Amino acid sequence: MDFEYSQEQQQFTDSIRRWAESNYDFESRKQIIYSDTGVSNKAWNAMAELGMTALPVPEEQGGFAGSAVDMMGVMQEIGRSLCVEPYFATMFGAEFLAASHSHADVLEQVASGEIKLACALNEKQSRYELNNITTSVTANASGFVLNGNKTTVLHGAQAQLLIVSARSNAASRAADGISLLLVDPSLAGVTIKNYRTLDGLQASDIEFKNVQLSTGSIIGEMGTAWELLDAVSDYGVTLLCAEAVGCMEALIAATLEYLKTRQQFGTPIGKFQVLQHRMADMLIELEQAKSLTTLAASKAHASDAQERRKAVSAAKVKVGQAGKFIGQQAVQLHGGMGVTNELAAAHYFKRLTTIDLTLGDVDHHLARFIALPDFAKAA
Amino acid sequence: MDFEYSQEQQQFTDSIRRWAESNYDFESRKQIIYSDTGVSNKAWNAMAELGMTALPVPEEQGGFAGSAVDMMGVMQEIGRSLCVEPYFATMFGAEFLAASHSHADVLEQVASGEIKLACALNEKQSRYELNNITTSVTANASGFVLNGNKTTVLHGAQAQLLIVSARSNAASRAADGISLLLVDPSLAGVTIKNYRTLDGLQASDIEFKNVQLSTGSIIGEMGTAWELLDAVSDYGVTLLCAEAVGCMEALIAATLEYLKTRQQFGTPIGKFQVLQHRMADMLIELEQAKSLTTLAASKAHASDAQERRKAVSAAKVKVGQAGKFIGQQAVQLHGGMGVTNELAAAHYFKRLTTIDLTLGDVDHHLARFIALPDFAKAA
Amino acid sequence: MDLNYSPQDEQFRAEVRQFLTQNLPADIQHKVLNHLRLEKDDHLRWHKILAKQGWVGNAWPVEFGGTGWTPVQRHIWNEESGLAGSPRILPFGVSMVAPVIMKFGNKAQQDYYLPRILSGEDWWCQGYSEPGSGSDLASLKTRAERDGDYYVVNGQKTWTTLAQHADTIFCLVRTDPTARKQAGISFLLIDMKTPGITVRPIIMLDEEHEVNEVFFDNVKVPVANLIGEENMGWTYAKYLLGHERTGIADIGSSKRELNFLKKFALAQQKNDAPILADPHFAAKVANLEIDLMALEVTLLKVVSTEGKQKGPGPEASILKIKGTEIQQKLTELMLEAAGPAGLPFDPAYLSGKQAHSISAGDDAAPLAGTYFNFRKTSIYGGSNEIQKNIIAQMMLGL
Amino acid sequence: MDLNYSPQDEQFRAEVRQFLTQNLPADIQHKVLNHLRLEKDDHLRWHKILAKQGWVGNAWPVEFGGTGWTPVQRHIWNEESGLAGSPRILPFGVSMVAPVIMKFGNKAQQDYYLPRILSGEDWWCQGYSEPGSGSDLASLKTRAERDGDYYVVNGQKTWTTLAQHADTIFCLVRTDPTARKQAGISFLLIDMKTPGITVRPIIMLDEEHEVNEVFFDNVKVPVANLIGEENMGWTYAKYLLGHERTGIADIGSSKRELNFLKKFALAQQKNDAPILADPHFAAKVANLEIDLMALEVTLLKVVSTEGKQKGPGPEASILKIKGTEIQQKLTELMLEAAGPAGLPFDPAYLSGKQAHSISAGDDAAPLAGTYFNFRKTSIYGGSNEIQKNIIAQMMLGL
């Protein structure tokens, strides 16, 4: 049993941190957010050069075959630097291809940083249920035809390829009948509306209207992609949890610094016992969230799907709760400065809030945890 | 609009407080609890003499026709003195008779303090659902025959008459088919097992086996007592809420006193900001609980049953939450002394705990509140 | 004890409702009901409608042009206008500086300023906070040095709400730097057009321009603009802080938001059913509603004694804490109900400058911003931590 | 990073499980699993079974008769024995005084006391707290005055757990009243049969006799019973406080209680369905289970580094706080699940002295008492408030 990162892992994350500190500081990030595209190609290329895009890709496709634990270290740095580049969207998308052993060519391009991916899984009525799909896919002579609307596709407009969930049969919430497709957004019939999300990232609503896809577009198998979708979304959740841990660590450090320097009534406000205990509570929440994120990462590829679901949902619940508590309290402890856009504190809080709203919030994962066969089975 | 007690109300509660302070102090109470009967006839007689038993009884039966708000003041004193006499049980029972305008002779005896009542409404499977009844009542030539088992009947063994809920028809949870009966526990077929409850009160399990009742035993009408039962239990809830408010006030005062006198690290522990804020939180909770108890008392006899249910369930929810928070924190702030039986603090905490477990806990009343037509009707 | 409103009060409520139905402009109401941002003109238009009705100074004595309402009437107005979705009357002129001018200002100041506050001619802002002084207000550093008939003011104020629209600012300034903290402070009224004043926006975490920094660089202020005596400003400021605090619970607005939350949660789907039908979510809403019911009674208790005793005491701290906790929780549950629909963010839409055309829907779009914006409520007006200190010291004697 | 147990550890776990299955007496296990009260003999019987196996000193070095287990093995033992429903080994001898005797005692003391601790011949209790000193331990007042070969001890200790069964007490006493607080304290071992010692029960709020006051009236204690040097007792006590604190999280027992809670909540009916099927109640249980899962990983993290660095630091405070919060919440939810069935109270049944025949049921009857009893856990061993002070100061540097 060993809870330390290996020396190799540590060096890798250190190099990312050094890069972010020099090249992706708070001011640079702000300029990127308010730029035309909302992302930075320069930053992306640097990230690819650091090996970040290659990390989880299998060795056969030019990657380092990094595990979910390896990715946890990287995502913590993404969180710490409040990175708004389409790293999560691309790595999440790549996992669909890696897990289904398909589209090796695309994975190669991901590893090298040549392309970005996005996952179009949400629909207006689906909330957090990824099986709640009305987008339809039907086979025809040339392959498949795709019809439907996807919402809040993270970095949908910045991606060169989309992973799209669609339904070939069965009712709108059945696990049966779900397919995953790799779609080029420049195809006829694809319309993308790009917008900013409240944390400074980009997202889009995407319409697919009689989009003709080739037979090779399929990921996994037609109509039986639910297990794949469920497993890979757990992988995505794990990445988000790790990002949130990075946010929380940085936010607690910033708040602690503020408490030590901000003077009121002739003393640093960190001398007030109520604020000391608040910080202790925040630290405890962080510790618990970190522990479950580590557990989720170590189970992200577990052969036992129930074990994986349990650990991942537990982590998302705790990260959601901890993120809200730490975010709200950090803002409160910063006083007036906390509610301005001028300090990083507010931005960590915003990112923590959106992470809770992505791939299932606290209540969604709590309900999923309760529904697992393990829960009501008293030993 | 006026939130003050009238001078008359104030004098009445003052006289109770004076009596309790001189005659029902912590040590006397302890002796009563560990006595053979667990109650004190002497105290009961004094309470009757003070007019406490006559207060809510209609004037025609020799009472003072006191309102629920009048009773609120009295029950606060019951709570403050941690009184273990069957006052609540008797007044709760009397309301069944007063509300149904029946058994005037019994009410007269209640007013004078001659008899005590108890309400046998709970069954093992019913939890807090008073409509979940399996005890059966059937008509025969001489009147009615009663069969069934009731549990946790507060002061069942100390009462001269029992109010018993039973079912003459329909399924076990239907509102239809419910009857209320006035039963003499000395009748053949009634078996009572008396025990102590964790707060020092007495309760019992009662078995009714082919108990023959006269036709005059009925309260209200046969098979249609649900509305009566529901309304009177709301009255009972209001009394309990007021008792809890009395407990909380006394407990907060005791804790405040302790914080001001207990020295640690060379200073009264009340100087520690964390404990100060804890006390502030307790005070706020008390204030909120008091406010809703006042509202419930003012609606306890409202003609609009929905309005009554809403106010009463809201009060019980808040009183349950406040009682738990204040009870737990008062014990915590008392440190080691708080977890001994030697200080009143622990006993207030215990009584607050049992009040939550009586006539519906927080979750029961929260669910009832949500089920009211008003809740989902967005204005 | 009687928790009911008197027939007169009920009649007054009917009158208020009728007035609101007939006079609250639909476009302004729409913005308030839907969490959109109010422009300067929205505030002014509503202020002038109220001025015409004579209802601006609802806590003012009749002699100064006030309504002379009882505390209960004032409460009814607050509740009904909040419920209806009218903007709050901005407090800086009407409720903050005006009572000070009435109590400590001279006749000339009263004659000049009070009518202009009622009519809306002057937009006021508040110059109390400074970068170094948050909860510790008395540590303020802005200096005012006497030079003949003028004070020369140098320094910086911050968190100045809507100063970008303001005509006038009331300031606490240090006139005696040698005196101990509270002792050397004066209360000055300053025309915002005076040379040397610079206003710099502070953008809030929801990207709204709501507060500002105000810089004073050798700003010459006539001595006639001093309220009361020099170095007595702390007394006046304290009077102001103790004044009429029951509005802070903002019951009417919270009731309106609770209605919004329920309506919204009935429309939002979870597992193909309204999220309000989810027992776990419903329990959160019910707990909040119960808390609000309790606060309303607590508030009425304070209001009903307001005339009888010397103004609300530390009970105001309870109203502040619970009131803001409820407000914050309402916005939190709205965002929770919105779920992923809460992610898209479009400041231009929030300002009513463009249509909101993305999938999230018009009702969901402003909710994240509202949630973030409301985090300020537990910080401003004496943070909730400061309020608990007050309760511990003044109510509990700790 | 690797969160898995090694094959050797898994083998050890199997061995522990087998031992427990074969050796834990069914009547004792029944009491633990069902929240009944353990008698003196229950503790002693189990201690002697463990002594025979050589597993009493599971944190002791082999040279003193300990097991020499690794921190991970010790954790496995704690978890499995808690899960199985075995009583905890009482800490006063084995984990509290023994490490002090090993580190600071002389050879004679080691040779005499340590084997008797292992065998269970001496029942120890702890004489630290006094009525005036709770969290402020160093303010203790019990005096020990040197008189030839004896110390004469006068004073009072309190919260002395199970002193009514004890043969020996280790005490902090003041030997130099002129020195500043911590400086004049010594560490004494006292035979409980010495004339002048009186034990008075303190009854807890669940009516259990678990703690006591111990009075010393001119009690003559041989100087040979002094540990280490006179006036150095505070150093030894501090060493003890920093020693092996990971057990405090008590994961195994909490897992056992979580299983009990679920089983119980499956049997308790609400609206004719198990209360565990109620979404609102299930959410509370799930939140608690998730908290426990997190704490287990946090604990493993501390355990896995325990060998490598200088013992657990302030992380032990996190384990204490979360561990006791979880324990308390478990008992709270059990009582909530019981509902009205939790009201009847029968101390004789809890002590196994008579059958529990009333309707509430055997499983429900002890739950209220358990709930009340567990309130102590956030108070003893350094209250959770003190633990947060430690975190703020030692981990956060505030």
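Quick caveat: nothing in here was measured; it's all calculated off a predicted structure. We name chains A, B, ... by the order of the sequence lines, and we start the count at 1 in each one.
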Part of Thr353(B) within contact of chain D (heavy atom distance under 4.5 Å): side chain
Which atoms of Arg127(B) approach chain D - backbone, side chain, both or neither, heavy atom under 4.5 Å: both
Segment of Ser129(D) engaging chain B (4.5 angstrom heavy-atom cut-off): neither
Heavy-atom closest contact (Gly127(D) atom, Ile169(D) atom, distance): N-CG1, 3.7 Å
Between Gly132(D), Ser139(D), Ala368(D), the one whose heavy-atom pairs under 4.5 Å with chain B are most numerous: Gly132(D)
Review item, side-chain donor-acceptor pairs of residues 327-335 of chain D, under 3.5 Å, at least two apart:
unit_1    : atom_1 : unit_2    : atom_2 : d
Gln327(D) : NE2    : Gly323(D) : O      : 3.4
Gln328(D) : NE2    : Phe374(D) : O      : 3.0
Gln328(D) : NE2    : Arg375(D) : O      : 3.4
Gln328(D) : NE2    : Thr377(D) : OG1    : 3.3
Gln328(D) : NE2    : Ser378(D) : OG     : 2.9
Lys329(D) : NZ     : Glu332(D) : OE2    : 3.3
Thr331(D) : OG1    : Gln328(D) : O      : 2.8
Glu332(D) : OE1    : Gln328(B) : NE2    : 3.0
Glu332(D) : OE2    : Lys324(B) : NZ     : 2.7

Interface residue of largest heavy-atom contact number with chain B, from Asn271(D), Thr158(D), Asp278(D), under 4.5 Å: Asn271(D)
Residue selection (most heavy-atom pairs with chain D, distance under 4.5 Å) from Met337(B), Arg262(B), Gln263(B), His334(B): Arg262(B)
Donor-acceptor side-chain pairing of Ser165(B) and Lys150(B) below 3.5 angstrom: yes
Donor + acceptor pair across side chains of His364(B), Glu129(B) (<3.5 Å): no
Contacting moiety of Tyr380(D), where chain B heavy atoms sit under 4.5 Å: neither
Residues from residues 201-214 of chain D approaching chain B under 4.5 Å (heavy atoms): Pro201(D), Ile202(D), Ile203(D), Met204(D), Leu205(D), Glu207(D)
Shortest non-hydrogen contact from Gly200(B) toward Val84(B): O-CG1, 3.7 Å
Electrostatic pair Glu257(B):Lys260(B) at N-O distance under 4.0 angstrom: no
Structural part of Ala338(D) lying under 4.5 Å from a heavy atom of chain B: backbone
Contact class of Leu366(B) relative to chain D, heavy atoms under 4.5 angstrom: side chain
Partner residues of Asp199(B) under the salt bridge (Lys or Arg N to Asp or Glu O under 4.0 Å) criterion, sequence neighbours left out: Arg351(B)
Residues that Glu385(D) engages under side-chain hydrogen bond (donor to acceptor under 3.5 Å, both in side chains), provided they are two or more places apart: Arg278(B), Gln332(B), Ser383(D)
Pairwise distance CG(Leu154(B)) to CZ(Phe92(B)) - rounded to 0.5 angstrom: 9.0 Å
Most chain D-contacting option - heavy-atom pairs closer than 4.5 Å, from Val331(B), Asn149(B), Leu357(B): Leu357(B)
Between His347(B) and Asn341(B), a side-chain donor and acceptor under 3.5 Å: yes
Carboxylate-amine/guanidinium proximity below 4.0 Å for Asp205(B) and Lys124(B): no
